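Everything below concerns the one structure shown next.
All of these numbers come straight from a predicted model, not from anything done at the bench.
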Amino acid sequence: AARLIADKRVSIEGEVARASRLPSGGETVTVRFPESEPPRTLQPRAIPLNIVFEDEHLLVINKPAGMVVHPAYQNWSGTVVNALAYHFQQLPQLPGNEGRPGLVHRIDKDTSGLLVIAKTERALTHLAKQFFNHTIERTYWALAWGVPHPPEGTVDVPLGRSLKNRRITIAFPVVDFGRHAITHY
């Protein structure tokens, strides 16, 4: 809503709305939503993949930092999924997750690390269930500038999309907002 107001796409009683003005009730509020982009067809791309493990059921790749996992707004090509579509033509897809063949999880664009890719329907089903039930353990390594205080601890805050920039994940101080996330360091 804030973005729509800032872009002058909201009016109250025919006047451009300001974020500081709250409707008092009974007014006509008009919102002009921007045109959304039409769905795009997945384009296979000859992007090299750093495969660290492969068998008949799954594939583990080392994704470099800076590479997006799947096509989305402003990132329609050059993704891991574009590379997978080129190198593996018959990867299964989860219902409701069309256009993301083999994917059962993702990591952020600026994060490097291992991605597990399903090559069969059975592997896709089992892996998706494990990620959904949080029975897969993931370990992340990070570089810190200086020494954290205290030197060991746990961060237990919900994570979610920023309200100002939906491409950024942030910690929310309100427990009922965002996804539960625990980080031990």
If hydrophobic clusters are built by linking Ile, Leu, Val, Met, Phe, Trp and Tyr wherever their side-chain heavy atoms come under 4.5 Å apart, do [X] and [Y] end up in the same one?
X	Y	answer
Leu91	Val69	yes
Ile170	Leu159	no
Val81	Val68	no
Met67	Tyr86	no

Mind checking what makes side chain to side chain contact (heavy atoms under 4.5 Å, CB included) contact with [X], not counting sequence neighbours?
X	result
Pro23	Ile12, Glu27
Arg122	Thr120, His126
Leu49	Ile51, Ile61, Ala83, Leu84, His87, Phe88
Thr125	none

Side chains of [X] and [Y], heavy atoms from C-beta outward: is any pair under 4.5 Å?
X	Y	value
Leu4	Arg32	no
Pro92	Glu121	yes
Tyr185	Val155	yes
Arg18	Ile5	no
Leu42	Pro71	yes

Measure the spacing between [atom1] of [X] and [atom2] of [Y] and express it to the nearest 0.5 Å.
X	Y	atom1	atom2	answer
Gln43	Thr79	CD	OG1	11.0 Å
Thr30	Glu13	OG1	CD	8.5 Å
Leu115	His105	CG	NE2	4.5 Å
Leu59	Glu54	CG	CD	5.0 Å

On a heavy-atom basis, which atom in [X] and which in [Y] lie closest, and how many Å separate them?
X	Y	result
Leu103	Leu124	O-CD1, 3.9 Å
Arg100	Gln93	N-OE1, 3.5 Å
Asp110	Ala65	O-CB, 3.6 Å
Ser112	Ile107	C-CD1, 4.0 Å
Ala123	Ala118	C-CB, 4.0 Å

* Asked: Does a sphere of radius 6.0 Å around CZ in Arg9 hold more than 12 heavy atoms from other residues, nucleotides or ligands, not counting ones at 6.0 Å or beyond?
  ->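 Enclosed: over 12 neighbouring heavy atoms sit under 6.0 Å from CZ of Arg9.
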* CZ (Phe132) with more than 12 external heavy atoms under 6.0 Å ->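 Result for CZ/Phe132: open.
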* Partner residues of Lys63 under the side-chain hydrogen bond (donor to acceptor under 3.5 Å, both in side chains) criterion, sequence neighbours left out ->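 Partners of Lys63 by the side-chain hydrogen bond (donor to acceptor under 3.5 Å, both in side chains) criterion come out as none, since no residue qualifies.
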* Asked: Between His184 and Thr154, is any side-chain donor less than 3.5 angstrom from a side-chain acceptor?
  ->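 Per modelled atom types, His184 and Thr154 side chains form a pair under 3.5 Å.
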* **Verdict with supporting geometry, Ile117 and Leu58, side-chain contact (heavy atoms from CB on, under 4.5 Å)** => CA-CA 6 Å; Ile117 309 296; Leu58 59 92; over 6 Å; no
* Going by the ring-ring contact (aromatic ring centres under 6.0 Å, His included) test, which pairs reach into residues 136-163, not counting sequence neighbours? ->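 Not a single pair qualifies under ring-ring contact (aromatic ring centres under 6.0 Å, His included).
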